Q: 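Sharing a structure below in C-alpha cells format, with a few things to ask.
Everything numeric here is computed off the predicted structure, so don't read it as measured data. Computation of the quantities below employed the complete heavy-atom set of this structure, encompassing side-chain atoms and omitting hydrogens, waters and symmetry-equivalent molecules. Position 1 is the first residue of the sequence, and the numbers go up from there.
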Amino acid sequence: MKMRGMYSGRMVLALGLLAASLAVQAEPLRVVSSFSILNDMVKEIGGDKVMASTIVPANGDAHSFEPRPSDAKTLAKAQLLVVNGLEFESWLPRLQQAAGYKGPQVVATEGITPLAFEGGADDHADHDHDHDHDHEPAHDHAQDHEHAPEKDHSGHEHSHQHGSQDPHAWQSLDLAQIYVRNISKGLEQADPANAQYYQGRAKDYAQRIQELDDSIKTRLQAVPVDKRKVITSHDAFSYMSEAYNIRFIPLVGVSSQAEPSARDIAQIIQQARSEQIQAIFVENTVSAKLVEQVARETGAKVGGTLYSDALGVPGSGVDTYLGMMRSNTDQLIKALQP
C-alpha cells in the first residue's frame, strides 16, 4: 500500500510538471517591433504564436520619436526585437540601454542593397527621384538644414540624423519579400518548436504580397509614364519610384522634421510649374502646412494622404502593410489618371 501511494504521488508530480511545461510552451513569443509596419508583418507571420507590440505607434513619426519609460519596460520583457536597420531607428540604442535589452534582434533589411541619398545624410538637395536616376547636379543644403541637438527624457542631447542610405525599403513590395524572410527566420530561431507554423504563414503572406505587387503594376499601365510625377512631403518613396517608375519630388529630405529653405521651396514651385506636375501629397506623419503652401503657389491639387513611415489606426483601412500599399496606389492613380 505504501509503495502504491509512493508511485501514485510520483505520477501526480510528473503530470504536474508536464502540465506546467506545456503551459510555458503554449505562451506566445513576446516580440517587440520598432514601428508599426514591422509590427504588422510580425503579426502576419507569427499569428497566434506571438504577442506582438510596437514601440512607435500607428501614425507615429519614427524620425522625431522620443522613447518613454513605458517603452523601456515593454522592450525589457521582449524575447525578440525586430528593427528596420539602415539607421532608421536613431533612438534605438538609447532605448536598448535603458531597457537593458540584450536579447536576439532581427534586422529586417538584412540582405537588401539600399539606395543612397544623393547628398548624403539628410541633405535636402533638389533630389527628385526619377526611375532612371537622371538627376540634375544637386547643390548642398547641409548648412541650411543642420539639425539642432534635441534632448531625450533623461536630458541627454541627441539628433535625428540619418545615414547616407535610404531606410524606407518597405515601400517596395518586392523588397518586402526580404523583410518577410528575415522576420520568419528570426521567429523560427527564437521559437524552434513552431518553425513550421511560421514558415507556412510566411509563405502565404509572401504570396499575397506578390499578388498585390502584380496588381499595382497592371493598374499603373493606365497612367502614362511621363505623367507619373508627384510632390511629396519628405523623401520616403525612392524605393516605390524604383519599383513602379513613378517620379517623387520631396519637399524635404529623409527626416520629416527637416525644414526646407526658402530657396528649396522656390525651386520646387518652379519645377512643378515648368513640368506641369498635377498632384501633391501629404503624409500621415508629416504636417500638411508646407504641402498646402506649395499647392497654392503651383495650382497642383492635393491628392490625398500617402502613408510613408507608419500605418493608420485600427479600422482605418490602412492599418496593415498591404492595406497601406494598396491605399497609396489608389491615391496615386486617382490623382494621376488622365
Side-chain angles (χ1 to χ4, degrees), residues 35-41 44 56 58-63 84 88 108-109 115 128-131 166-180 205 208-225 227-252 254 256 277-288 290-291 294-295 300-337:
F35 68 116
S36 58
I37 293 171
L38 294 182
N39 187 53
D40 179 63
M41 291 182 174
E44 288 284 357
V56 183
N59 285 329
D61 186 354
H63 297 288
N84 186 74
F88 182 65
T109 56
L115 298 176
D128 53 290
H129 293 292
D130 212 334
H131 181 73
D166 189 337
H168 304 88
W170 63 84
Q171 290 292 347
S172 163
L173 284 161
D174 185 49
L175 294 180
Q177 300 284 8
I178 297 177
Y179 279 66
V180 172
Y205 189 39
R208 286 185 282 136
I209 290 174
Q210 184 61 58
E211 289 171 357
L212 180 58
D213 191 23
D214 293 341
S215 172
I216 290 173
K217 289 174 181 175
T218 298
R219 293 180 63 199
L220 277 170
Q221 291 176 5
V223 181
V225 174
K227 298 295 183 183
R228 298 179 193 176
K229 296 181 289 187
V230 298
I231 297 172
T232 56
S233 298
H234 86 294
D235 196 356
F237 295 96
S238 296
Y239 291 93
M240 194 172 189
S241 173
E242 287 281 304
Y244 304 116
N245 203 357
I246 303 171
R247 188 176 173 191
F248 291 91
I249 302 169
L251 293 176
V252 299
V254 58
S256 58
I277 297 173
Q278 299 179 357
I280 181 169
F281 289 88
V282 298
E283 295 171 35
N284 65 317
T285 61
V286 183
S287 170
L290 184 57
V291 166
V294 174
K301 63 182 177 182
V302 178
T305 300
L306 296 181
Y307 287 75
S308 54
D309 297 354
L311 301 179
V313 297
S316 62
V318 286
D319 52 353
T320 67
Y321 171 64
L322 293 183
M324 179 193 81
M325 295 299 290
R326 190 176 293 110
S327 174
N328 284 350
T329 303
D330 289 345
Q331 294 291 339
L332 287 165
I333 291 177
K334 181 180 178 181
L336 295 175
Q337 270 185 329

Q: Mind checking whether D309 and H168 have side chains closer than 4.5 Å, heavy atoms only?
A: yes
Q: Quick one: are L220 and I246 in side-chain contact, heavy atoms under 4.5 Å?
A: yes
Q: Could you tell me whether the side chain of L336 reaches within less than 4.5 Å of the side chain of K227, counting heavy atoms only?
A: no
Q: Between L38 and A108, which heavy-atom pair has the shortest distance, and what is it?
A: CD2-CB, 3.9 Å
Q: Run through T305, T320, L322, V318 and flag the one making a side chain to side chain contact (heavy atoms under 4.5 Å, CB included) with S327.
A: V318
Q: If you look at every heavy atom in A279 and A300, which pair is closest and at what distance?
A: N-CB, 4.2 Å
Q: If only side-chain N and O atoms count, and only distance matters, is there a donor-acceptor pair under 3.5 Å linking Y179 with N84?
A: yes
Q: For the atom pair CD (Q171) and OG (S238), what is the distance rounded to the nearest 0.5 Å?
A: 10.0 Å
Q: Give me the atom names and distance for the closest heavy-atom approach of G303 to Q331.
A: O-OE1, 2.9 Å
Q: Can you tell me how far apart CG (D40) and CG (L311) are? Round to the nearest 0.5 Å.
A: 5.5 Å
Q: How about Y205 and M41: do any of their side-chain heavy atoms sit closer than 4.5 Å?
A: yes
Q: Got a second to check how far I277's CD1 is from K301's NZ, nearest 0.5 Å?
A: 14.0 Å
Q: Going by distance alone, is a donor N or O of one side chain under 3.5 Å from an acceptor N or O of the other, for D61 and H63?
A: no
Q: Compute whether any side-chain donor of one residue and acceptor of the other, for N39 and Y321, lie under 3.5 angstrom apart.
A: no
Q: Do NZ/NE/NH1/NH2 and the carboxylate oxygens of K217 and D213 come within less than 4.0 Å?
A: yes
Q: Check whether any side-chain heavy atom of Y244 lies under 4.5 Å from a side-chain heavy atom of V223, and answer yes or no.
A: no
Q: Parallel, tilted or perpendicular: which one describes the rings of F88 and W170, with boundaries at 30° and 60°?
A: perpendicular
Q: Taking all non-hydrogen atoms of both residues, which atom of A310 and which atom of N59 are closest, and how far apart?
A: CB-N, 3.7 Å
Q: Find the distance between OG (S308) and CZ (F248) and round it off to the nearest 0.5 Å.
A: 11.0 Å
Q: Could you check if a side-chain atom of F237 sits within less than 4.5 angstrom of a side-chain atom of L306, using non-hydrogen atoms only?
A: yes
Q: On a heavy-atom basis, which atom in S233 and which in V291 lie closest, and how many Å separate them?
A: OG-CG2, 3.4 Å
Q: How long is the gap from CE on M325 to CG on L212, to the nearest 0.5 Å?
A: 7.0 Å
Q: Is the shortest side-chain heavy-atom distance between F281 and N328 below 4.5 Å?
A: no
Q: Can you name the closest pair of heavy atoms from D319 and V313 and give their distance?
A: CB-O, 3.4 Å
Q: How long is the gap from OG1 on T232 to CD1 on I249, to the nearest 0.5 Å?
A: 8.5 Å
Q: Are the side chains of R326 and T329 in contact, using a 4.5 Å heavy-atom criterion?
A: no
Q: Does any N or O in the side chain of Y239 come within less than 3.5 Å of the main-chain N or O of L115, such that one atom is a donor and the other an acceptor?
A: yes
